[in-house]
Number of protein chains: 2
Amino acid sequence: MREDTRARIQEIALRLFTEQGYEATSLREIAEELGVTKAALYYHFKTKDDIVTSLVDLRVAELEKLLEWARSQEKNAEMRRELVRRYAEQFTTPRYLQVARFLERNQTALRNHPKLAKMREAMIRLSAEMCAPGAPATERIIHSLAFFALHAGKWLTLEGEFSDEEIEKASLEVALRLLEL
Amino acid sequence: MREDTRARIQEIALRLFTEQGYEATSLREIAEELGVTKAALYYHFKTKDDIVTSLVDLRVAELEKLLEWARSQEKNAEMRRELVRRYAEQFTTPRYLQVARFLERNQTALRNHPKLAKMREAMIRLSAEMCAPGAPATERIIHSLAFFALHAGKWLTLEGEFSDEEIEKASLEVALRLLEL
DNA sequence: GTCTATACGCCGATAGAC
DNA sequence: GTCTATCGGCGTATAGAC
């Protein structure tokens, strides 16, 4: 029945960082939820920052898998649609959705985190794969907005009116339609 | 030449909160940039939270102006386009753009701030004005996405490639096209 | 209006026993 | 692997002189 402690720390930290923000979450809170003292955390992670690193690595790996796939493809309309679908599909794995949300909500707090730079770089390269080199600004921007639409759930203050599933489904539809503009 | 000190505190706090995040910005930093001690700040604002309140008030007032206008209009396609245009136009006033960005980037850190609840409520009502009552989920979501396309600058990791103006112009174009989907 | 001085607590992190 | 104890530092905030 005993779960790996390291994994439980990640799980609790991920939830609290997302709900309250990275800076607002102390190691004491994480330890308390886990039922240990904060000193115990230091056996599993060198620093608070290290917990973040372990989480971001998950997301970077996912983005790089996507990037690798994109590069192996011809850049046509069907490839772009499939890329958006695959990007959206990553969010159907709960842990990946949680990590993505954590990163969404802590961009500013983590702005100096080296792994975040890696992630942004991957996003830039991914959105570049959406267009032929030298594509006009509006095309680049519209295609990038397709990715953005999939993150918009955070901003859509419609909770209570529609389920998460409805919002996600409609977001994907909008993202795909954006590719056709 | 002497500017009002209260206004200068707001200006510096707004910039630092946006760049570094609310939690990561201390009153000491603000005071240092202003060239006074942090104790001096307490003459102008009761608490750190009070500085935020004074900033959020600006945004809430803008949203409510927009909401009032929306309510006085018939809900047709041209009204929706005009509403999006007016929403976008608010961001052309530098101070309002700065405040909006500050709020975008500190949603999580300020999640318990009472003024933030007011702002979210105003956004919900504003996006409700975009549709007839009882409109289907996809319509509501797509029209709401139109607003949020205008916030996409944060996510578009295209800085350096395109100017802020290009991104804003294209975002508005996409927002307007979303209304027609 | 701004200062110095200070209260008081929580933070991340470490040392060393068990 | 987890504990107790503790460190140094910085956080917000206040008191009271000027």
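Predicted model, so just to flag it, every value in this text is computed and none were measured. Each chain gets a letter, A, B and so on, in the order its sequence line appears, and its residues count up from 1.
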>> Is the ring pair A/Phe17/A/Tyr22 parallel, tilted or perpendicular, if the boundaries are 30 and 60 degrees?
In response: perpendicular
> Side-chain N or O of B/Thr5 less than 4.0 angstrom from OP1 or OP2 on C/dT2?
Replying inline: yes
> Within a strict 4.5 Å, meaning less than it, do heavy atoms of the B/Phe162 and B/Lys169 side chains meet?
Replying inline: no
>> Just so I know, are the side chains of B/Arg177 and A/Ile142 near enough to count as touching, which here means a heavy-atom distance under 4.5 Å?
In response: yes
> What parts of residues 30-43 of chain B reach DNA chain D, counting only heavy atoms under 4.0 Å away?
Replying inline: B/Lys38, B/Ala39, B/Tyr42
Whole Å only: how far is the [atom1] atom of [X] from the [atom2] atom of [N]?
| X | N | atom1 | atom2 | result |
| --- | --- | --- | --- | --- |
| B/His44 | C/dC3 | NE2 | P | 9 Å |
| B/Lys48 | D/dG11 | NZ | C1' | 8 Å |
| A/Phe45 | D/dG1 | CZ | P | 13 Å |

> For atom CD of A/Glu89, is the number of surrounding heavy atoms from other residues, nucleotides or ligands below 6.0 Å larger than 12?
Replying inline: no
>> Counting only heavy atoms and a strict 4.0 angstrom limit, can you tell me which residues of residues 14-29 of chain B come near DNA chain C?
In response: none
>> Please tell me whether B/Phe148 and A/His151 form a close aromatic pair, meaning their ring centres lie under 6.0 Å apart.
In response: no
> Sub-3.5 Å donor-acceptor pair from the side chain of A/Glu168 to the main-chain atoms of A/Glu165, do we have one?
Replying inline: no
> Can you list the steps and then say if A/Glu19 with A/Arg105 is a side chain to side chain contact (heavy atoms under 4.5 Å, CB included)?
Replying inline: CA-CA 9 Å; A/Glu19 283 172 2; A/Arg105 299 189 190 180; 6.0 Å; no
>> Between B/Lys75 and B/Glu129, does the side chain to side chain contact (heavy atoms under 4.5 Å, CB included) criterion hold? Intermediate values first, please.
In response: CA-CA 7 Å; B/Lys75 280 158 203 53; B/Glu129 292 295 323; 3.0 Å; yes
